[in-house]
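Working notes, structure below.
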Amino acid sequence: MKKYIAIAFATLFVAVSCVKDLNVTPIDPNTVLPKDVLKDQAAFTSLLAKCYQGLSSSSSWGPNGSPDISGVDGSFGQYVRALVNMQDLSTDVVVCCWNDGNLFDIHNITWNASNEFVLSMYYRIFYQIGLCNEFIRQSQASEISGYTLKDNYIAEARALRLLSYYHAIDMFGNVPFTDETSSVGSEGPDQISRAALFEWMEKEAKELLEGSALAAPGKNEYGRADKGLVQMILAKLYLNAEVWAGKERYADCAAMSETIIKEYPLHGVYADLFCADNHLWSANTTYNGDELIFVSPQDGVMLQSYGSTNFIVFACTWTDSNTGIVMDANARGISSGWGGLSLTGAFTSKFEDADARAMFYTGDGLEQYIDYLRGPNGESNGYKSLKYTNVNHDGSAAQAQGFVDTDFPVFRSADAYLMYAECAARGKADKALGQKYLNDVRNRAGVGPLDLTLSNIIDERGRELYLEGVRRQDLIRFGLFTSGDYLWEFKGGVPEGQAVDAHYNLFPLTSGDVNANGKLTQNPGY
């Protein structure tokens, strides 16, 4: 794939740059142009691989070498790690004791438009969109013989672009918008309203589901986009339509969720979904699994990253004999722990003792509720998550200990079960069926049924989906993210937690983009 990376960078500058003087022909003799290399299907396969690689690692040259975006360390700037920072670290789920840059501001919910961790998410999203746009543009323009998979590849790139716009509409609201038809100008792209982006995404999703060459659910190669991915994005659009588009669509969400549930039943063992060989539990393999709908792959040998699940496993592991914390890194399938991430007491208290999802290290020296989770010795405080591990489901060793094999579950069907249950609790779907789906999820976890109420649903979504990049979105939909109705440690920057201003329901556009592009208006409050 490296052979074609120069294409991605050369064409990406032309596609998304706001600076007119970048729209030129490269003079570096070592830089190749698309017309020179995109001469067969294999070349397009390699370029499409780049669109996928951007979700899994920081760079095409290893875990932290020559990262695709600058301004933040490549490990912090990896797509999935940035997503977990924005969606889980900003909530009741976890606190990070590291004092890198302005990282504390994420959990405090006190960030500004210059926060480098917000910037890394923003630029990751739009870098991915630019790559996909350029792939689609180059593919559509290609007339080479033998490019028999053109329609399939274009559909995959559109699905990946839709995934990044899903993250954009959720986190940033009114955003700069480009697609494969966008022209390049010195003023930069136009801004699209959140409601208009919603409409575009719904239309794009329906086209991919009804009239494209995208593979049927579970029928593409593992780790590649198919219609199951698009179904989940569409269900998420409908679930959050009241926030994102100003009009509720819960009945539509329930209908799409039921479609997904019929295609992707629950796997029997929760822990299997987060182990080193979790690829077994996908319909996109030749094995017997079926819950994982779309993943961002990791491989301890071939696809290494300091982000994604590698970050989660290492950062949740810590050994300190002086304080009695003796987490066994070998048992976690890794060489050593980084420390850093601790679960909050507000979150861990939501679990019953019998809950199979209460995968916490609670060893000697740790306290569930503490006053200080950060700064010096912060690693030695708070329960640690054992949810993700670099050990195979049968207890055998993964390929390596320095980097994990565990794939990140971008979407899995348990989410669809709970989406239907939520729609039913809101009176927009069959309540008996919603109760059944809620009970199905809880039965797998080894705990009894819960009444179908919204307060139970938001807690259940937390227990089922923590560290999967959705918690902030869920709390916003339930009106709990910024309000004083639900507090957790350090919300608002104080140990006991406090309400924060409602403008934090959106992250800011980067100040650099707003200053450079006169067409962009910053989100309110920033």
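Values reported hereafter were calculated over all heavy atoms of this structure, with side chains retained and with hydrogens, waters and symmetry mates removed.
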Is a side-chain N or O of [X] found less than 3.5 angstrom from the main chain of [Y], in a donor-acceptor match?
| X | Y | result |
| --- | --- | --- |
| N220 | A225 | yes |
| Q128 | C51 | yes |
| N392 | D394 | no |
| S296 | F408 | no |
| D430 | L433 | yes |

Lys/Arg-Asp/Glu bridge criterion (N-O < 4.0 Å) met for [X], [Y]:
| X | Y | value |
| --- | --- | --- |
| K219 | E263 | no |
| R444 | E291 | yes |
| R471 | D474 | no |
| D170 | R472 | yes |
| D68 | K50 | yes |
| E352 | R463 | no |
| R442 | D355 | no |

- Query: In terms of the angle between their ring planes, are W338 and W98 parallel, tilted or perpendicular, with boundaries placed at 30° and 60°?
  - Reply: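 Rings of W338 and W98: tilted, as their planes differ by 30° to 60°.
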- Query: Mind checking whether F411 and Y166 have parallel, tilted or perpendicular rings, split at 30° and 60°?
  - Reply: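 Taking Y166 first and then F411, their aromatic rings sit tilted (interplane angle of 30° to 60°).
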- Between K350 and D92, what is the shortest heavy-atom contact and its length?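 Heavy atoms only, the tightest pair is CE-OD2, 3.6 Å.
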Between [X] and [Y], is any pair of side-chain heavy atoms under 4.5 Å apart?
| X | Y | result |
| --- | --- | --- |
| M232 | I260 | yes |
| R332 | C316 | yes |
| L467 | S385 | yes |

Ring centre gap for [X] and [Y] strictly below 6.0 Å:
| X | Y | answer |
| --- | --- | --- |
| Y122 | F172 | yes |
| F351 | F360 | yes |
| W488 | F347 | no |
| Y306 | F403 | yes |

Checking [Y] against [X]: is there a side-chain donor and acceptor pair closer than 3.5 Å?
| X | Y | value |
| --- | --- | --- |
| E116 | N102 | yes |
| N310 | Q78 | no |
| D451 | T453 | no |

- K387, NZ: over 12 other non-hydrogen atoms inside 6.0 angstrom: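 It does: K387 NZ has more than 12 such atoms within range.
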- How far apart are the C-alpha atoms of D459 and L450, what are their side-chain angles, what is the distance that settles it, and do they pass the side chain to side chain contact (heavy atoms under 4.5 Å, CB included) test? CA-CA 11 Å; D459 285 348; L450 273 182; over 6 Å; no
- Query: Between atom CD of E422 and atom CG of L239, what is the distance when rounded to the nearest 0.5 Å?
  - Reply: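 If I round to the nearest 0.5 Å, the distance is 5.0 Å.
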- Message: Let me confirm one number: the CG-CZ distance from N284 to F294, rounded to the nearest 0.5 Å.
- Response: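 Interatomic distance, N284 CG to F294 CZ, rounded to 0.5 Å: 9.5 Å.
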- Message: Assess the residue pair Y79 and S164 against the criterion (side chain to side chain donor-acceptor pair (under 3.5 Å)); give the C-alpha distance rounded to whole Å, side-chain angles, the decisive distance to 0.1 Å, and a yes or no.
- Response: CA-CA 10 Å; Y79 197 110; S164 287; 3.2 Å; yes
